[in-house]
Amino acid sequence: MNIFIDGGVVVDSEKVLRDVAVVLEDNRIVFVGDREEAKRRFGRGYLRIDARNKVIMPGLINGHTHISMTLLRGYADDIALQEWLEKWIWPYEARMSPEDIELGALLGAVESLLSGVTTVCSMYHYNRLHNEASAALKVGLRMVMGVAMFYWDEEGSIKNVEDALRHWHGRGGLVRVSVSPHAPYTVSPGLWKAAEDIRRVWSIESGIPVTITSHVVEDWNEPSLVKERFNVDVPGGSIYKYLDDLGVLSRFFVAAHSIHMNDLDFEVAAKRGVNVIHNPVANLKLGMGIADIPKMLRYGINVGLGTDGPASNNSLDMFETMKVAALLHKGVYRDPTIMDAKSVFRMATLNNALALGYKDLGLIREGYLADIVILNYFSPNSIPIYDFYSHLVYVFKPFNVDTVIVNGDIVVEGGVFIKLDVNSLLERVSRRSRELALDVGGG
Ligand SMILES: [Zn+2]
């Protein structure tokens, strides 16, 4: 579809342009700038969107989550990580069918789009027919689908990743597959090497970048867990050094969390150009600690933002995540000048795009993918407006989202999701999540 967005304020992490026009043709941005020039060049045959009193921004990107876990939202809270996983999360997940995975992801995709998120990087279990990407395609969400790999099923893990790459990588112009060794303590050294081999071969063969996405040093005792389980050395107590010695670190490596890093970790991660995704809400909720993001930035590490899964957040709201990320480190450092609003907004847009291997996403720029969110700022919660970056991080909520366009396709209009009947989806999820919970409880 060709779209003419007229009269709004363009805000991305590089610029603020007032009273301009943005023109989209098919799935690309073809013009950003003067309204009169836009009218002369693109006068007829375009769907017109009136953006007066509105912000036109690049769609937010959720750099790390597990969107199928909307089914487990609020199922188990205020419990320590290992008990939370072993007694609550894993028994529930063991009962989830491929159709349940797709159903949960469908709800997560709708929640994301309605809250201004146009790309999600999500890691979960894979099935060829029903998975997180099949859900994303049904509602027009851009997705990097991480296919989880574990040491207890190495053969199955490799088979799943290769199957996903064959059937889903590049699909619909919206999906990319990521190789997702779950974490250093659940992935053997051999499986790490196999994962990197697959990543490299498929990047070349498909011509579409493939990333490795994983959880790295979320827990403080990860080095000892790895040593004991795989009978290996973790040099200098550094998980990053251990991974580097396996040859898996590069600028295509995307590490969620990275809370418990020592100096050697920082050095190695920076040297290899690794990307870190910060998930402040989930880290706080599970009591895992606080990643030293200002230090990462000093080391020149590319940092993006994510929500993590709806079982540990319990929402997919990237506005909330931006605000918490900005506030948290000011408090830790007792310094209100660090993690300024513009830098945090950049993390949720351009930094995430670069981390996930996109060179044409995360900015409102000619030639870039047409993933655009239009926010209404003429609202009781957001008037007056002095500084747009400040509002994006400290003020706006998902209910300020008016229009969402992904790959040139309108999916949210006037704050309403137009791709499917949301009420019937809510009924299906309510029914099915209750059945699963009763099943786990033996009721
Ligand atoms: Zn996670």
Compare all side-chain heavy atoms of I101 with those of H130 and state whether any distance is below 4.5 angstrom. no
Among all residues two or more places apart in sequence or in another chain, which pass the salt bridge (Lys or Arg N to Asp or Glu O under 4.0 Å) test with E435? R432
Residue R251 excluded, over 12 heavy atoms near CZ under 6.0 Å: no
Tell me whether R176 forms a cation-pi arrangement with Y358, defined as NZ or CZ under 6.0 Å from the six-membered ring centre and within 45 degrees of its axis. yes
Can you check whether W152 reaches T186 side chain to side chain, under 4.5 Å on heavy atoms? yes
Side chains of T213 and S178: any donor to acceptor distance under 3.5 Å? yes
Measure the spacing between CG of N279 and CG of D308 and express it to the nearest 0.5 Å. 4.5 Å
Report the residues that fulfil salt bridge (Lys or Arg N to Asp or Glu O under 4.0 Å) with D163, sequence neighbours left out, ordered by chain and then residue number. R128
Are side-chain heavy atoms of D402 and L375 found at a separation under 4.5 Å? no
Excluding sequence neighbours, so at least two apart, what forms side-chain contact (heavy atoms from CB on, under 4.5 Å) with A136? L141, M143
Tell me if a side-chain donor or acceptor on N27 pairs with a main-chain N or O of G408 at a distance below 3.5 Å. no
Validation row: V177, R171 side chains within 4.5 angstrom (heavy atoms): no
Does one side chain, of N376 or S379, offer a donor that lies under 3.5 Å from an acceptor on the other? no
Whether Y240 and F253 hold their rings parallel, tilted or perpendicular, with breakpoints at 30° and 60°: perpendicular
Nearest-0.5 Å distance, NE2 of residue H169 to CD of residue E162: 13.0 Å
Would you compute the distance between atom OG1 of T403 and atom CG of D50 and round it to the nearest 0.5 angstrom? 10.0 Å
Counting neighbours of CG on D78 that are heavy atoms of other residues, nucleotides or ligands and sit closer than 6.0 Å, is the number greater than 12? no
Within the 4.5 Å heavy-atom criterion, are I293 and M347 side-chain neighbours or not? yes
Sequence neighbours excluded - salt bridge (charged side-chain N to carboxylate O under 4.0 Å, His left out) pairs with any residue from residues 104-117: R73-E111
Identify the heavy atoms of I239 and P184 that sit nearest to each other, and give their distance. CG2-CG, 3.7 Å
Contacts of type salt bridge (Lys or Arg N to Asp or Glu O under 4.0 Å), residue D6, not counting sequence neighbours: R35, R48
Can any side-chain N or O of N352 pair as donor or acceptor with the backbone N or O of L305 at less than 3.5 Å? yes
I need the minimum non-hydrogen distance between V393 and K323, along with the two atoms involved. O-CB, 3.3 Å
For H215, the ring pair (Phe, Tyr, Trp, His ring centres under 6.0 Å) test, sequence neighbours excluded, returns H64, H66, H182, H257
Does the pair R200/E196 count as a salt bridge with the N-to-O cut at 4.0 Å? yes
Taking the side chain as everything from C-beta on, heavy atoms only, tell me whether V22 gets closer than 4.5 Å to V10. yes
Checking E132 against S68: is there a side-chain donor and acceptor pair closer than 3.5 Å? yes
Can you pull out every ring pair (Phe, Tyr, Trp, His ring centres under 6.0 Å) where at least one residue sits in residues 366-385? Sequence neighbours excluded, please. Y377-F388
With a 4.5 Å heavy-atom cut-off, do I405 and V412 have their side chains touching? no
With no hydrogens and no angle check, just 3.5 Å: does a side-chain donor-acceptor pair link Y185 and E218? no
NZ (K159) with more than 12 external heavy atoms under 6.0 Å: no
Side chains of V120 and V144, heavy atoms from C-beta outward: is any pair under 4.5 Å? no
Strictly distance-based, threshold 3.5 Å: is any side-chain N or O of S180 a donor or acceptor partner for the main-chain N or O of S214? no
How many angstroms lie between CG in L174 and OG1 in T119, if you round to the nearest 0.5 Å? 8.5 Å
Closest contact, heavy atoms only, I158 versus A194: CD1-CB, 4.0 Å
Between K342 and D340, does any NZ, NE, NH1 or NH2 come within less than 4.0 Å of an OD or OE carboxylate oxygen? no
Among all residues two or more places apart in sequence or in another chain, which pass the ring pair (Phe, Tyr, Trp, His ring centres under 6.0 Å) test with Y389? none
Could you verify whether a donor N or O on one side chain and an acceptor N or O on the other, from N400 and N381, lie under 3.5 Å apart? yes
Using 0.5 Å steps for rounding, measure from the OG1 atom of T65 to the CE atom of M318. 9.5 Å
For the side chain of H278 and the backbone of A256, is there at least one donor-acceptor N/O pair under 3.5 Å apart? no
Is a side-chain N or O of N62 found less than 3.5 angstrom from the main chain of T307, in a donor-acceptor match? yes
Salt bridge (Lys or Arg N to Asp or Glu O under 4.0 Å) against K138, all qualifying residues, sequence neighbours excluded: E102
Has K419 got a side-chain atom pairing as donor or acceptor with V139's backbone, closer than 3.5 angstrom? no
Identify the two heavy atoms, one from A105 and one from A135, that lie closest to each other, and give their separation to 0.1 Å. CB-CB, 3.6 Å
Does any donor atom in the side chain of Y46 or E25 lie under 3.5 Å from an acceptor atom in the other side chain? yes
Least distance between heavy atoms, S13 atom then L363 atom: OG-CD2, 3.7 Å
Any pair with a residue in residues 273-287 that passes salt bridge (charged side-chain N to carboxylate O under 4.0 Å, His left out), sequence neighbours left out, goes on the list, sorted by first then second residue, please. D77-K285
Reported OG-to-CD1 distance for the pair S112 and I61, which is rounded to 0.5 angstrom: 12.0 Å
Is atom NZ of K87 surrounded by more than 12 heavy atoms (other residues, nucleotides or ligands) closer than 6.0 Å? no
Output yes when a side-chain donor or acceptor of D12 lies under 3.5 Å from a complementary backbone atom of M57, and no otherwise. no
Heavy atoms only: give me the nearest A355-V254 pair and the separation to one decimal. O-CG2, 3.3 Å
Between E427 and R431, does any side-chain N to carboxylate O distance fall below 4.0 Å? no
I'd like to check the ring pair (Phe, Tyr, Trp, His ring centres under 6.0 Å) partners of W90; sequence neighbours left out, ordered by chain and number. none
If only atom types and distance count, is the side chain of R18 paired as donor or acceptor with the main-chain N or O of V9 below 3.5 Å? no
Should R365 and E14 count as an ion pair when the cut-off is N to O under 4.0 Å? yes
For W88, enumerate each residue passing the ring pair (Phe, Tyr, Trp, His ring centres under 6.0 Å) test, keeping only those at least two apart in sequence or located in another chain. Y75
Please answer whether the main-chain N or O of D409 pairs with a side-chain N or O of N407 as donor and acceptor at a distance below 3.5 Å. no
Say whether, by atom type as modelled, one donor and one acceptor occur between the side chain of E366 and the main chain of V32 under 3.5 angstrom. yes
Regarding N160 and S157, do their side chains bring together a donor and an acceptor under 3.5 Å, going by distance alone? no
Distance-only donor-acceptor check, side chains D317 and S115, under 3.5 Å: no
